[in-house]
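By convention in this document, chain letters (A, B, ...) are assigned in the order of the sequence lines, proteins followed by strands, and residues within each chain are numbered from 1. Source: prediction; values computed, not measured.
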2 protein chains.
Amino acid sequence: MSEYFVGQLANQVGINVETVRYYERLKLLPKPKRKESRYRIYSETDLRRLLFIKCAKELGFTLKEIKELFALRIDSEAKCGDVKHLTEHKLNDVDNRIRDLKKIRSVLVKLIDQCVNEEVSSDECPILEVIDPKISFTKGGDTR
Amino acid sequence: MSEYFVGQLANQVGINVETVRYYERLKLLPKPKRKESRYRIYSETDLRRLLFIKCAKELGFTLKEIKELFALRIDSEAKCGDVKHLTEHKLNDVDNRIRDLKKIRSVLVKLIDQCVNEEVSSDECPILEVIDPKISFTKGGDTR
DNA sequence: CTTGACTCCGTACCATACTACGTGTATTAT
DNA sequence: ATAATACACGTAGTATGGTACGGAGTCAAG
């Protein structure tokens, strides 16, 4: 079971040392053990947690939302139904994202296709094909 | 073919009027036609463009990246190969996002499952199961 | 036992993406 | 026609998510 100082941890994950401390302040990371020297000591679990944060951030989750994701757990305190509802909500959100990304994906594929087939086409911005103003993207009312 | 003033447009999309002007400054939106009164006049196309921006933002694209997405088009000026490369890069990015979201999705489903089956489980944060430190998320080197 | 790299902490600064404010003109509802 | 909205513009302020800085303590190598 390997342990790291903050520098090694930050390096493994590919983020800044200051960012680790920042996340700790925001309670995205638990307060780590300390050496007698007060140096922070991190575990494999902390590393995974940080990797998750990094990834989720790139997927468009805010730090606040990431905190909520971490909080989704079934423990004896929380009522199972509550967790289920929250989780279903998040799931719905994630599904919408996947769907929207797939729309964008299909347009990109089409664009690459056009390149291959040398069909020089419209002045219209092709990415906008993704949007049918009637059936369009996740309209209104999600959490964010 | 309907036309809007900035307020109606912003309202349709669900964003602030100031934000529309802000996007115009950043050249995410083209300079609109004006009435004699200098009032901006927007079209259906502008509305779709704004909806796209809103959606892409929620998917974790920065405004800069969204601008790049808009720029992906085959016109007589641009060399097709360039566009193809750029687009393939974006496609790769999008694919990674979809894959990572699917991982998160599967964990959420598992969590909901546990609720249904009343298996009160570990103190460990279940969302972290998503991360296998070996096979994990999109590590390193994408554009962002 | 000193030198260089790492860590501590608090605070200050930075970029991105808005959002609000103030002053003036235009439009619209009564 | 006049008051309430809406818009124009420039500029300033805010929230989020970091990033940098400075002075002091720690550690490992030579």
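- Within the 4.0 Å cut-off from OP1 or OP2 of C/dT16, not a single side-chain nitrogen or oxygen of B/T62 is found.
- One finds a side-chain N or O of A/R40 lying less than 4.0 angstrom from the OP1 or OP2 phosphate oxygen of C/dC9.
- Rounded to an integer number of Å, the gap from B/Y4 OH to D/dA6 P is 18 Å.
- When rounded to the nearest whole Å, the span between CG of A/N16 and P of C/dT7 equals 12 Å.
- B/D95 meets the side chain to side chain donor-acceptor pair (under 3.5 Å) test with A/R105; sequence neighbours excluded.
- Nucleotide D/dA8 holds its C1' atom 11 Å from the OH atom of B/Y42, rounded to whole Å.
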When the side chains of residues 31-39 of chain A are checked against the rest of the protein, which donor-acceptor pairs come out under 3.5 Å, sequence neighbours left out?
from	atom 1	to	atom 2	distance (Å)
A/K33	NZ	A/E3	OE2	3.0
A/R34	NH1	A/R38	O	2.7

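- Rounded to an integer number of Å, the gap from A/R34 CZ to C/dC6 C1' is 14 Å.
- The NZ-C1' distance, from A/K31 to C/dC9, rounds to 13 Å in whole Å.
- The side chain to side chain donor-acceptor pair (under 3.5 Å) check on B/E18 picks up nothing, with sequence neighbours excluded.
- Without hydrogens or angle criteria, B/R97 side chain to A/G60 main chain gives no donor-acceptor distance under 3.5 Å.
- Taking 4.0 angstrom as the limit, B/Y23 places a side-chain polar atom (N or O) nearer than this to OP1 or OP2 of C/dC18.
- The backbone N or O of B/F5 lies less than 3.5 Å from a partner atom in the side chain of B/Q8, making a donor-acceptor pair.
- Whole-Å rounding puts the A/L26 CG to D/dT19 C1' distance at 14 Å.
- Among residues two or more places apart in sequence or in another chain, the side chain to side chain donor-acceptor pair (under 3.5 Å) test is passed with A/K110 by A/E129.
- Rounded to an integer number of Å, the gap from A/L63 CG to D/dT16 P is 10 Å.
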Contact list (N/O, under 3.5 angstrom) for nucleotides 21-30 of chain C vs protein:
from	atom 1	to	atom 2	distance (Å)
C/dT27	OP1	B/S37	OG	3.2

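- Evaluation of the side-chain contact (heavy atoms from CB on, under 4.5 Å) rule for A/V6 yields A/V17, A/V20, A/Y42 as partners, not counting sequence neighbours.
- Residue B/K64 places none of its side-chain N or O atoms closer than 4.0 Å to OP1 or OP2 of C/dA15.
- OP1 or OP2 of C/dC18 lies within a sub-4.0 Å distance of a side-chain N or O belonging to B/K57.
- Atom CZ in A/R25 sits roughly 12 Å away from atom P in C/dC8 (whole-Å rounding).
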